[in-house]
Structures are given as C-alpha cells and as structure tokens.
Peer 1: 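Quick one: the structure is below, questions incoming.
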Amino acid sequence: MVKKYWLVKSEPTAFSIEDLKNSKNQTTFWDGVRNYQARNYLRDEMKKGDGVLFYYSNTEPNVVIGICEVVKEGYPDHTQFDPESKHYFPSSDPKKPVWFMVDIKFVKEFKTPVTLEEIKENSKLSKMKLIQRGNRLSVMPVEKKEWDEIIKIGK
DNA sequence: GCCAACGTTGGC
DNA sequence: GCCAACGTTGGC
C-alpha cells in the first residue's frame, strides 16, 4: 500500500491546530464536508497512515500550519442525521449515508508555516490543486513531491 | 467587505 | 435535462 498525501482546509476560528492538539488523543473526526468530490476522497481514497497537510483559509496570512495523519478510514458523518447540527442533511438515509468523514491525528505543527504566497512563488508547488483557479475543495490530494517540498520549508 | 467562481436547487 | 437564481467559499 502506497502512502498518499492530502490537504484539508479549515478556518482557524472554526477549528484550529491548537484545537486538534487539545482533542482527546490529539485526534478528531473531520466532519461537515458537504461536497461530493471531497466526499469521495474521504470515503474511498484516504487510508490509515496517509499524510495530511492542515491548511488555514480565510486568515492573514493563509498558511499550511502543520501536518496530521489519517487514523481512521471513511465512515458515515453522524452530523448529517442530527437536526440540531448545522451540517444536518435531511435527505440522507442512515442505511445509505451520503456523507463520510475520517479521523485525523495531530503529528506536528510547523516551525515556519508555509504561506499561500510561498506556495504560489515556488515552481515546485505550482501544480498544487490548492492554487488552481477557482478551486474550492476542502479535501484534496497532494503529490508526494509537493508534500516533500512543503515539509522541507515548514520543518 | 467585495466579488469571482462554482455547486446546488427548483421551475419548467 | 436545461438553466436561472441562489448560497457558499475563500482570496484579496
């Protein structure tokens, strides 16, 4: 099994890497993804042990703040069945859930977070989905060489 | 706060 | 099945 690499987005005001560190076992379920393409990655492709870049959007500056790892593979996102949740999705049938999530565990916080600007300026990172026009995916695959470069810069 | 990009919804 | 309207994302 070849290890794969991913990037997930979060607004730090919603869920920060500090929140992840403070979670039980430094692990959390990545709930609330309501996009089919991202869902397919969560459900079908993210495997235990895969590396995940933790990205902050809508901040100043936007950065890859650290890394974590997949510790539990795709399973139904319970918030879709919860009328109290803002992620409630009434048309989803518990016998055939629409939305999935994975569990991720904190690995490290970068000494030098990698800014969006640096990613844009780095020719090795110019193909990253993150900076492709109009991209709004909150979960996306990352190439190994891109992962390696980010890790090198972030430390 | 603005607005371009894009996904989803719903009328037809 | 088309597509206009609408809501959300996310960089700036």
Peer 1: For residues 103-122 of chain A, pull every pair meeting salt bridge (Lys or Arg N to Asp or Glu O under 4.0 Å), keeping only residues two or more places apart or in separate chains.
Peer 2: K21(A)-E109(A)
Peer 1: I'd like to know if R39(A) and D77(A) make a salt bridge, using a cut-off of under 4.0 Å between side-chain N and carboxylate O.
Peer 2: no
Peer 1: Pick the nucleotide of DNA chain B nearest each of N135(A) and N58(A); which residue has the one closer to the 5' end?
Peer 2: N58(A)
Peer 1: Distance under 4.0 Å to a non-hydrogen atom of chain A counts as contact; along DNA chain C, which nucleotides mark the start and end?
Peer 2: dG7(C) to dC12(C)
Peer 1: So, R136(A) versus S57(A): side-chain donor-acceptor pair below 3.5 Å or not?
Peer 2: no
Peer 1: Taking Y56(A)'s backbone N and O only, do any of them form a donor-acceptor pair with S10(A)'s side chain (distance below 3.5 Å, no angle check)?
Peer 2: no
Peer 1: Which part of the nucleic acid, if any, lies within contact of Y55(A), taking any heavy atom under 4.0 Å across all strands shown: a base, the sugar-phosphate backbone alone, or nothing?
Peer 2: sugar-phosphate
Peer 1: Which class fits the ring pair W147(A) and Y5(A): parallel under 30°, tilted 30 to 60°, perpendicular over 60°?
Peer 2: tilted
